[in-house]
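Right, one structure below, let's go through it.
The sequence lines fix the lettering, A, B, ..., with proteins before strands; numbering per chain opens at 1. Just so we're clear, the structure is a prediction, and the values are computed from it rather than from any experiment.
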Amino acid sequence: MNQINRIDGGLINRSNKLNFNFNGQSLEGYEGDTLASALLANGHRMVGRSFKYHRPRGIFSAGSEEPNALVQLRTGAYQEPNTRATVTELFHGLEATSQNHRGSLKYDLMAVNDLFSSFLSAGFYYKTFMWPKAFWEKFYEPVIRAAAGLGRLSGEDDPDIYDKGFLHCDVLVVGAGAAGLSAALSAGRAGARVIVMDEDFCMGGRLNVETLSVDDKSGSEWATQALAELSAMGNVRLMTRTTAYGAYDHGIVGALERVTDHLISSEKKPRQILWRVYTKRTILCAGATERPIAFGNNDRPGVMLAGAVRAYVNRWGALPGKRVAVFTNNDDGWRTATDLAAKGVEITAVIDSRDGQPPVDVPKGAAIVMGGRIVDTKGRHGIRSFTLSNGQQIPADCLAVSGGWSPNVQLTCHQRGRPTWREDIAAFVPGGELPQGMSVAGAASGNLSLSSVLLNGHDIGNSVVSDLGFTPSKVKSSSSEEETTGISAFWHVRESKVRAWLDLQNDVTVKDVKLSHQEGFRSVEHLKRYTTLGMATDQGKTANIPALAVMAECTGKSLPETGTTIFRPPYTPVAIGALAGRARGKDFRPSRLSPSHSWAEEQGAVFVEADMWYRAQWFPRTGETHWRQSVDREVTQTRASVGVCDVTTLGKIDVQGRDAAEFLNKVYANAFAKLPVGKVRYGIMLREDGIMMDDGTSARFAENHFVMTTTTANAVSVFRHMEFCRQCLWPEMDVHLISSTEQYAQFAVAGPNARKLLQKVVDSDHDISNEAFPFMACGEITICGGVPARLFRISFSGELAYEIAVPTRYGDSLVRTLMAAGEEFDVTPYGTESLGVMRIEKGHAAGNELNGQTTARDLGMGRMVSKKKDSIGNTLSERDGLNLENGLSLVGFRPVNRSEELKAGSHFITKGNTANMANDEGWMSSVAFSPNLGHSIGLGFIKRGSERMGEVVLATDPIRGGEMDVEIVSAHFIDPEGERLRG
Amino acid sequence: MAKFTLTANTPLGGFSHDFKGVSISEVNGRSIVSLATPLGGKEAVSKALAKTYKLEIPEPGKSTVSSLDNAVLMGMAQDQTFLVFDHTEDKPIDVVSKHLKDTAFLTDQSDSYVMLRVSGENSRSVLERICPIDLHPSVFPEGSVSRTIMEHLGTVIVHEKANTFLLMSARSSAKSFLEAVEVSALNTV
Amino acid sequence: MIINHPLLGPRDAAEFVYKGDASLINRPDWQADDAAELFHEYLYLRDNPAGEHRELWYHEQGDRSWLIVTRNTLTHDISKVEFARDVALAERSKK
Amino acid sequence: MKYSGFKVIKEALTGHKGWKPVWRTPKPKKEYDVIIVGGGGHGLATAYYLAKEFGITNIAVLEKGWIGSGNVGRNTTIVRSNYLLPGNEPFYEFSMKLWENLEQDFNYNAMVSQRGILNLFHNDAGRDAYARRGNSMMLAGADAVLLDQEGVRKMYPCLDFENARFPIKGGLLQPRGGTVRHDAVAWGYARGADNHGVDIIQNCEVTGMNIENGVCTGVETSQGSIKAKKVAVCVAGSSSRVMSMAGMRLPIESHVLQAFVSEGLKPILPGVVTFGAGHFYVSQSDKGGLVFGGDIDGYNTYAQRGNLPVVEDVCEGGMALMPMIGRARLLRMWGGVMDMSMDGSPFIDKTHINGLYFNGGWCYGGFKATPASGWCYAHLLAKDEPHPVATEYRLDRFRRGAMLDEKGVGAQPNLH
């Protein structure tokens, strides 16, 4: 039998029937339904289990505040845990299952927890599970963890895609109910750029669920008309299914648009879009949330919020029960009785906690109890009846409860705002210190009657736009009939002898709050943390205020004195995938490709990530099965003849200006002022604290023009640092910096035949002989018949070497040309591994040594730090702690047993000492196999290293289970005199 | 004479594609020279520019267009202006220094950028997915220039004319940048 | 956060890189008798106020200017944005 | 009152009438031997150990709000002792050992859960650095395991091994690392200290320091002036504010670190994992929430909230590392104010003012240090000399050039 509880009316499209599946059962609903309304229409009351006691749970609300009706939506990798049925738009083919039960929903084995509930009181776990000690990890905790959580992730990669975007407007209207639409009309008519967002798929808010009329139209008709007017305005953007979830500094609002969640498939479009909204003004029209009253066994399926009950009836034509009763402390609750009675639904009783006369006409046949108290309910899987304090039992399969409405102040509190209490409506309303540019209108500001909401929205819309310099339109506010909104605060039924729920999802009861008070957890934050109140997926939207009221009662303080916990973003939970947007997998970060990348790919190069760059690591040749074979060959061939390596990734900074030389003299620790034009110098750059920041070369191309290189890793931070020096420290200097990293493709050409190779491509009018172009020369030349190039005679490998740079557009062509020209020399390309081997052979420091913890002195370059001039870092580099007699120094290491392989990260211990931290004397920073020496070599830091040449120490590597004797040697393993590079 | 010759390539091989209501195409054939104004030398640069390109130095965030070489002068910073002009040969600096003599410090940036033109009625909707700058004509009118960040990549955006934007981003990450723009189009239209 | 750049208008703080207290533009004299102590105070000690704070931001994804932003560290309200270079030059002319 | 399973059962059967407040609510006395300013984890631990281990019980802990309202109540609950430098590692290992016996020691179940912490690396340099660090840990008597890619895959098959921009090459595992129920640490220490007679005074803000002739004699508070032989400041993010009352400037900046928790989920992550190529670390709580975080926002602030770019950056890291969390929803985000020091390492030291002591500069790593910080601070207060594992945490180390810079980024607090 289908849709047994479907009645006439509502904003659903009965001509579009949708089939869906809940817990394996095929059901039908209509377009316009939510999963919750469709389940109710099909007579499903029980839809889940609570967190701790596994009590049966039914649909409680009709919105995003839902604590109970959480389902697992979709299947397989698309499985989406903890999804609120109340805001899940029904679609054809929807599949959902209930959560948090072992066995079936109806017969949950974990429901045994409920029997032991008195042992599982708030915070019980802090007091036990401590003995015997080993049992916590082995037994108690695994049991607790097995019970954790509600829904389940699939464990598979999220198959959907997400996107992000930026929106800009004058006015952002959050919430498109009566207040939001009124405000948007005011702002839109005045010509402001307006964005209206609503979390619902159908704008109108409670206009769509109440039977009140506006301007002699039904609420939903008025909303439709307002939306038509707004969507015709070019300056207004309407966004449904979009939740403003957080208010951030300076008027930035985070919003989530659910683009395809209401479709069976995303079809490769983004499932959700995360919007960053930059707005001059925000008008928060987020409405209000109804809250329950706590009484005995008030958690049974069928006990619902009164406003939700009439929402299901009025908007969706779905009947939550056949025999409905109302329990209220306010006039609004009565609307549920009158609305339902008007639809012919049986109202068994209206219980009003207030004394006096009924505020409205009494529905026929209903028992009316003024000053009434419900103390208990009955019904195992859903309410069947309830009991009043006088013992009277009243039947009902749906109990509509209203404890009044709490304005949705969350976004007003995301920064410093704290809500203030209004006794007349028994609710917190937005207080001071709202986020920049935010105003609040409608129910969110405490206006609870429709007529006041409409007027308030209209007026605030107008005042906001006139603030921004627009002329408000003269159109008057729409209006509605008057209604009564009386309320008298009433939070929980003291007469109840059994557990009365406050937080339905986390199973926090009135007793728990009292226990929390008894044990001294009285601050609201202690209460929250001790009982877990409000920490469930609904963030306590319906639970917090009643619970605070119970605490206030215990302490004898007023509710405003008791305060509220801090509202944190997000307003409703946001998928992590959406917050990440496109950044995942290979798209996590951009890829920078060097000019020779395509060519290297063709060569079958293996690439390595170096920051954002991909660099060729080595170039395997046919027959090479291990990377070491390739690297050994590249190194050997380069040292024997010539090799080519793409070094484009090194940072290049163009430094120009009348004071360029003096500027470099200040940013480098060593002298630069007198570097001749046409020469390159190696420079070390310190941080102001005297630690090595970076090293590189600077080449002087003209009196006022230098080209600096930095390491690949520090290119950006060095540029930033130099801009700081230029603008903030020495603003009187005429210096100009611009990065030219991208502008030039740069290749190292190294090896005894480097010159011969280059001479084949360099245009003949440029003499690059050793005499004309010696070591550390630089110059602007042309190659291959006029292509401009820069040539640097510098060497990282220790060989006769050059670096040649051409405009990037020629990079691909140049590497191919060098390979072709080098064929006669058996030229080899080499990658970063070989680069590393050769620099270790040569004793050059690199990233592992320049790790931000070492000084020039540690690196054996202490004497380069000039004491005769002011440079960054020179003063503080003189501190005692950086000049210890037994300080570290960088030296070379080789295994005493040459066949052993050194391990980077080993620590050094003097022979005979115990290997412990007190005897730790340093560490191995870089290692390589030297094909030239035929054994493993390493660079490392050890105390007084430079004085300990020849000493054998222990290199201990407990993490890999090894240790070996190593000999301290010079870091210059190859050509210590530097004859090759000058050759 | 060297027997080798070098051939130039472009960052994206001349990419061009039309999506619904928006076209994305690589722009080539332009050179970019950065002009750094020496301390106290603004007047001299202005004079030289006025004489040759008939242009003033634009404020940062603005651009001006000259008929000479279709040059666009973009204000990048207080002391930095980009001159973007039709020139496909090497050494664009020689062209500029002919006009400006030594009034400004020049740096060739022609090979530093990939340029994409995004045009069509949907161009703003597409760019709103990645561009943090407000591109509404009331805020970012034609001629506006901005350097910002899109999908982790530094990007210069120029509002060339109605519904037409020029994007400049680093050449080495041209493929990632194109993907960022393309995916925006695919996700939007 | 949004930083209202003196020339470019409001820009998301994500375009900027933060450095710290604006006093970092006042680098001590390396030849002062107590240079070591002055540099220690300059580099390491901070007022770290709860309230108005003058601080350095670098517009890395923008015009590459260093700015001095006056911002309240309790509310994040920004009351002033200046070019650090202008401030540095002005302080020099005072001396 | 001793807590035990039997006690819980007894109370359950008798209507929970016997539970007493976990700590008393005393009025401040006129004078104490030691006043501890700051009722966070470190302050409460200091009081507890002073009373229990060093026999000083005439102590007040002054807290301007509710105890545990600072970083002990707003962190991502991770404990570990995987440090590199000899000035740090023995201290954190001492802390780890205290964690391991904490519950029995203070009779409160803080749910110390040693499910391991795994720091991933993504390149050879990362491996070398972690090998060096792991060796440091082992030389200091801690546990460490260097895993290769297969080792990581066995523990965490759900990570992105196939399509990552920065492929996982391996990781440094500390099996004894894990998580602790953070609030319970504050409550457990409070309960323990209270049992030893320590006065815990909430809603008592220190408004001034009484310093005469270079000697600190007590404090002014919102509840009147209180004398003390020794005043021990321990206020994390508020360090600069409080010490400025004594005229001191500190090598500290206050920054916000955001933290995040997802909706409750059935267990899927056994231990703590940190991403090495982005800013993301995560664990799953005993309630089922994924608890995660990343980098600090990076600007000075005293506001306990951050901004969106960091939220997005952290989630980007999360999705890059484990794309299976895309459909999990972020439930709550919050911020804590970190006392970021100039080298990323803390201070436990006397000041130049007699009777005034300072503990701070914990950056975002204070939680794991809580027991050792309390113990070592208590040692310093009781004996006027540093505990052997905390000898490097001196305020003058920058003047001497003896920085403890684990990350190697220099005097730039927002980079530590």
Under 3.5 Å side-chain donor-acceptor pair for A:Tyr78 and D:Arg327: no

Please state whether the side chain, the backbone, both or neither of A:Asn848 comes within less than 4.5 Å of a heavy atom of chain D. side chain

Chain D heavy atoms under 4.5 Å from A:Gln272: which part of the residue, side chain, backbone, both or neither? neither

Donor-acceptor pair between A:Arg879 and A:Thr855 side chains, under 3.5 angstrom: no

Go through A:Glu878, A:Arg584, A:Met693 and name the one with the most non-hydrogen pairs under 4.5 angstrom from chain D. A:Arg584

If I measure from the heavy atoms of chain A, does D:Asp160 come under 4.5 Å with its side chain, its backbone, both, or neither? side chain

Quick check: are there more than 12 heavy atoms from other residues, nucleotides or ligands sitting under 6.0 Å from CZ of A:Arg152? no

Quick check on the interface: out of A:Asp587, A:Ile691, A:Asp160, who has the most heavy-atom pairs with chain D under 4.5 Å? A:Asp160

Looking only at side-chain N and O atoms, does D:Asn307 offer a donor or acceptor that is under 3.5 Å from a partner on D:Tyr299? yes

Please tell me whether D:Arg191 and D:Asn107 have a donor and an acceptor in their side chains that are separated by less than 3.5 angstrom. yes

Are D:Asn123 and A:Glu609 linked by a side-chain donor-acceptor pair shorter than 3.5 Å? no

A:Ala77, part contacting chain D, at a heavy-atom distance under 4.5 Å: backbone

Segment of D:Lys17 engaging chain A (4.5 angstrom heavy-atom cut-off): backbone

With a 4.5 angstrom heavy-atom cut-off, is it the side chain or the backbone of D:Arg332 that approaches chain A, or both, or neither? both

Are a donor atom and an acceptor atom from the side chains of A:Asp920 and A:His907 found within less than 3.5 Å of each other? yes

Residue D:Ala328 versus chain A: region with a heavy atom under 4.5 Å: both

Let's go through D:Phe275 and D:Phe280 carefully: what are the C-alpha distance in whole Å and the side-chain angles of both, what is the deciding distance for ring-ring contact (aromatic ring centres under 6.0 Å, His included) to 0.1 Å, and is it a yes or a no? CA-CA 5 Å; D:Phe275 189 26; D:Phe280 180 74; 7.3 Å; no

Measure distances from A:Ala918 to the heavy atoms of chain D and classify the residue's part below 4.5 Å as side chain, backbone, both or neither. neither

Heavy-atom pairs under 4.5 Å with chain A, option from D:Gly264, D:Pro323, D:Ala12 with the top count: D:Pro323

Heavy atoms from other residues, nucleotides or ligands near NZ of A:Lys586 exceed 12 (cutoff 6.0 Å): yes

Indicate whether any N or O donor in one side chain lies under 3.5 Å from an N or O acceptor in the other, for A:Lys133 and D:Asn101. yes

CD of A:Glu525 to CG of A:Leu527, rounded to nearest 0.5 Å, is 9.5 Å

The side-chain hydrogen bond (donor to acceptor under 3.5 Å, both in side chains) partners of D:Glu100 (sequence neighbours excluded) come to D:Gln114, D:Arg176

Non-hydrogen atoms of chain D under 4.5 Å away: do they reach the side chain of A:Asn851, the backbone, both or neither? both

Please classify the contact between D:Met333 and chain A as side chain, backbone, both or neither, with a heavy-atom cut-off of under 4.5 Å. both

Please state whether the side chain, the backbone, both or neither of A:Pro132 comes within less than 4.5 Å of a heavy atom of chain D. neither

I'd like to know which of D:Lys407, D:Lys20, D:Met137, D:Glu103 tops the heavy-atom pair count under 4.5 Å against chain A. D:Lys20

At a 4.5 Å cut-off on heavy atoms, which part of D:Arg399 comes close to chain A: side chain, backbone, both, or neither? backbone

Output field: ring centroids A:Phe124/A:Phe116 closer than 6.0 Å: no

What part of D:Lys287 gets within 4.5 angstrom of chain A, counting heavy atoms only: side chain, backbone, both, or neither? both

Side chains of A:Arg582 and A:Tyr162: do they bring a donor and an acceptor to under 3.5 Å? no

Heavy-atom proximity to chain D below 4.5 Å, by part of A:Met924: neither

Would you mind checking which part of A:Thr537 comes under 4.5 Å of any heavy atom in chain D, side chain (CB onward), backbone (N, CA, C, O), both or neither? both

Under 4.5 Å from any heavy atom of chain D - which part of A:Thr83: both

Can D:Asp148 and D:Arg127 be counted as an ion pair, charged N to O under 4.0 angstrom? no

Interface check, chain A: of D:Pro157, D:Gly15, D:Pro167, D:Ser262, most non-hydrogen pairs under 4.5 Å belong to D:Pro167

So, the part of A:Ser925 with a heavy atom under 4.5 Å from chain D: the answer is backbone

In terms of side-chain heavy atoms, does D:Arg115 have a donor or acceptor partner in D:Thr179 at a distance below 3.5 Å? yes

Applying a strict 4.5 Å limit to non-hydrogen atoms, the region of A:Leu515 in contact with chain D is side chain

Largest heavy-atom contact set with chain A, pairs under 4.5 Å, which of D:Gly410, D:Ala277, D:Ala186, D:Ala411: D:Gly410

Please classify the contact of D:Ile67 with chain A as side chain, backbone, both or neither, using a heavy-atom distance under 4.5 Å. both

Highest number of heavy-atom pairs under 4.5 Å with chain A: which of D:Ser136, D:Gly73, D:Ala129? D:Ser136

Where does A:Gln518 contact chain D at under 4.5 Å (heavy atoms): side chain, backbone, both or neither? both

What residues form a salt bridge (charged side-chain N to carboxylate O under 4.0 Å, His left out) with A:Arg687, not counting sequence neighbours? A:Asp689, D:Asp405

Interface moiety of D:Glu263 toward chain A, non-hydrogen atoms closer than 4.5 Å: both

Can you tell me which portion of A:Met692 sits under 4.5 Å from chain D's heavy atoms? Options are side chain, backbone, both or neither. neither

Using non-hydrogen atoms and a 4.5 Å limit, figure out which bit of D:Asp124 sits close to chain A: side chain, backbone, both or neither. side chain

SB check A:Lys164 D:Glu316 (cutoff 4.0 Å): yes

Counting heavy-atom pairs under 4.5 Å to chain A, which of D:Cys158, D:Ala140, D:Ser69 comes out on top? D:Ala140

Atom group of A:Gln617 that falls short of 4.5 Å from chain D, counting heavy atoms: side chain

Any salt bridge between D:Arg133 and D:Glu89, counting N to O under 4.0 Å? no

With a 4.5 angstrom heavy-atom cut-off, which part of D:Thr25 approaches chain A: side chain, backbone, both or neither? neither

Side chain, backbone, both or neither: which part of D:Pro309 has an atom under 4.5 Å from a heavy atom of chain A? neither

Given that the side chain runs from C-beta out, which part of D:Met342 has a heavy atom under 4.5 Å from chain A: side chain, backbone, both or neither? neither

Max heavy-atom pair count under 4.5 Å with chain D, selected residue of A:Asp611, A:Thr854, A:Val608: A:Asp611

Pair A:Arg74, A:Ser154 - check side chain to side chain donor-acceptor pair (under 3.5 Å), show working. CA-CA 11 Å; A:Arg74 304 180 195 259; A:Ser154 69; over 6 Å; no

Do D:Asn88 and D:Glu406 have a side chain donor and acceptor closer than 3.5 Å? yes

Tell me, side chain or backbone of D:Val112 under 4.5 Å from chain A's heavy atoms, or both, or neither? backbone

